[in-house]
Amino acid sequence: MTGISARTFLIAAALGGLTSSAFAQAAAPTPWELNSGTGYAYGKDGKTVAYKLGTNNAGTLLKGAKKVPKGTLFFVGENGQLYMRTGPYLEDDGKFKFGAN
């Protein structure tokens, strides 16, 4: 009887360890991976979409485009609106200034 109980306990402990490490890994967001043959849009409906770009109309696409300054932060507000901030968003030690406390 104690052999079965100890075995059950070990299996439960192993499963608990696996699920807790999976939750810890899933918590960290991954950065965007932007590719040079793809256009990314924030549509009028508030959805994000990716488009494969062609080369025959690249000049027209670039005509009205502006470069995004380095150090720009993009975020979605509580209202679902996409925002950008070019001011400082990192502390002196490199930590995110507006992160969780």
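Quick caveat, the model's predicted, so the values are computed rather than measured. Below, each value reflects all heavy atoms present in this structure, side chains not excepted, and no hydrogens, waters or symmetry copies.
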Applying a strict under-4.5 Å side-chain criterion to I, L, V, M, F, W and Y, I'd like to know whether Leu53 and Leu34 cluster together. no
dist Leu73:CG -> Met84:CE (nearest 0.5 Å) comes out at 9.5 Å
Tell me if the CG atom of Asn79 is crowded by more than 12 foreign heavy atoms within 6.0 Å. yes
Could you tell me which non-hydrogen atom of Phe75 sits nearest to which non-hydrogen atom of Arg85, and how far apart they are? CE2-CB, 4.2 Å
Is it true that a side-chain atom of Asn35 and a backbone atom of Gly37 form a donor plus acceptor pair closer than 3.5 Å? no
Closest heavy-atom pair and its distance - Tyr51, Ala41: CE1-CB, 3.7 Å
Measure the spacing between CZ of Phe74 and CG of Leu82 and express it to the nearest 0.5 Å. 7.5 Å
